[in-house]
There are 2 protein chains.
Amino acid sequence: MDTEIAGPRRRGPYAKSAARRRQIVEEAYRVFATRGYHGSSLREIAAAAGISLSNLQHYFTGKEDVLLAVLELRDELGAGVDAPEDDEPFERHIVAQAAANERIPGVIALYSVLSAEAVTDDHPGREYFLGRYDTLRSEYEAEFAALRDQGRLRDGVDPALAAATVIALWEGIQLQWLYTPDRIDAAATLRAYLDLVLLSPQTA
Amino acid sequence: MDTEIAGPRRRGPYAKSAARRRQIVEEAYRVFATRGYHGSSLREIAAAAGISLSNLQHYFTGKEDVLLAVLELRDELGAGVDAPEDDEPFERHIVAQAAANERIPGVIALYSVLSAEAVTDDHPGREYFLGRYDTLRSEYEAEFAALRDQGRLRDGVDPALAAATVIALWEGIQLQWLYTPDRIDAAATLRAYLDLVLLSPQTA
DNA sequence: GTCTATATCGGGATAGAC
DNA sequence: GTCTATCCCGATATAGAC
């Protein structure tokens, strides 16, 4: 078996396809982030990508399809960036991530705008966000539980509640930051909460 | 001067107008709350109000106009309900309000969906939310400052930061609650944060 | 793979009868 | 005040030429 069958080829007819798709998704990312799902149009995305509407439609069967690809891309990118370093402490990771997000225009807006828009029953992104909250809460709860086992969680703090709190606070403060970036410091706000809830290592 | 000139009459030709307007706004409230601004249509609102599209347009010059009326109505209703009792402690007020909101379908969704949607530059609700965050942060900051003066604020907690935190946490947890109402207790989450930040009165 | 052209639909606005 | 009818636009979707 020396013929390469599995997976898309790096050269040849498929190479351009994959690149185009990717390019479209990246532009769609920006458009959805700034105008929401309902507020965006495929025309606008096509224009941003510098191609015709029909050409865009050659790659995606519909608007929903594009949105789902955008969310997939987000997960893909996030898998590399969001993952904590091997032994980076949880609280440092959260704060660093919040600070980093401010430097990547669009990420915050994408989540803020879409997560709120997608509460509607028939929104194509609803399933994604349901799953995302679920995963995120589980992960953070495990982190807080581990910290508790190290004696670093303040007495009376529930790991599950703290997990939901961090996520809520994070999203909420990012939204305020979107409105008035000069008046809100998301990373500092998160750090203040974590300082309140966690005891410093040597105290344990 | 025994003729009543000022203000709309309770009877006569204007009575029906005012009532209709109010009725439309109330339906629009529900529609915007569940589908967002971009996701809603005047046709849908008219249908909900049981009138024709043209008739609705007789009362409002456009979609924006309807949205602004909805936000006005929200302020009007909120002015009665949101205002704290004369000497109700701040923390009790917050928690009680969060609990009460869960019982009024739509309020939470209206704010969650619209506040996120309205970050866009050209969204007709943007100004409203900018002002709302500003007012809310000022009010809460004053409350925290007062608590600090009573020696009831934990050391090292900044009133301004705590104000932004409460608002962010509140909005964020309500969004999670919209997705999975059975798994999130917004009031309890807020109470947990306030318990963390405030010292009980007798401790002072 | 990319385009132009067009079909089809749903949105907000407008005109005008009653 | 309320309606029907219609206009016009922007959106998605489709057909088919190159």
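The chains referred to below are lettered A, B, ... by the order of the sequence lines, with proteins before strands, and numbering in each begins at 1.
Taking atom CG of B:N55 as the reference point, atom P of D:dC3 lies 5 Å away to the nearest angstrom. Rounded to whole angstrom, the span from the CD1 atom of B:I24 across to the P atom of C:dG12 amounts to 14 Å. Whole-Å rounding puts the A:D65 CG to D:dA13 C1' distance at 14 Å. For B:E64 and C:dG12, the CD to P distance is 12 Å, given to the nearest whole Å. Here D:dG16 presents its P atom at 17 Å from NE2 of A:H58, a figure rounded to the nearest Å. Summarising the geometry, the separation between CZ on A:R20 and P on C:dC3 is reported as 7 Å, rounded to the nearest angstrom. Residue A:L53 contributes atom CG, which lies 14 Å from atom P of D:dG10 at whole-angstrom precision. One interatomic measurement links the two molecules: CZ of A:F60 to P of D:dT14, which rounds to 16 Å at whole-angstrom precision.
The existence of a salt bridge linking B:R74 and B:D82 is confirmed by a sub-4.0 Å separation between a basic side-chain nitrogen and an acidic carboxylate oxygen. Using a cutoff of 4.0 Å between basic side-chain nitrogens and carboxylate oxygens, A:D134 and B:R183 are scored as salt-bridged.
Contact check, A:S41 against D:dG10: no side-chain N or O comes under 4.0 Å of OP1 or OP2. Between A:K63 and the phosphate of D:dA13, there is no side-chain N or O to OP1/OP2 separation shorter than 4.0 Å.
Other residues, nucleotides and ligands contribute at most 12 non-hydrogen atoms within 6.0 Å of the CG atom of A:D155.
Counting distance only, with no hydrogens placed and no angle test, the side-chain atoms of B:R43 and the base atoms of C:dG10 include no donor-acceptor pair under 3.5 Å. At a cut-off of 3.5 angstrom, counting only N and O atoms as typed in the model, there is no donor on one side facing an acceptor on the other between the side-chain of A:S54 and the base of D:dA13. Donor-acceptor pairing under 3.5 Å, judged by distance alone, is absent between the side chain of B:S52 and the base of D:dT4.
The nucleotide whose nearest atom lies closest to any side-chain atom of A:I51 is, among C:dA13, C:dC3, C:dT2, C:dC3. Among C:dT2, D:dT2, D:dT14, the nucleotide with an atom closest to any side-chain atom of B:K16 is D:dT2.
One N or O on the side chain of A:R154 and one on the backbone of A:L196 form a donor-acceptor pair closer than 3.5 Å.
Taking the six-membered ring where tryptophan is involved, the planes of B:Y37 and B:F32 are tilted, since the angle between them lies from 30° to 60°.
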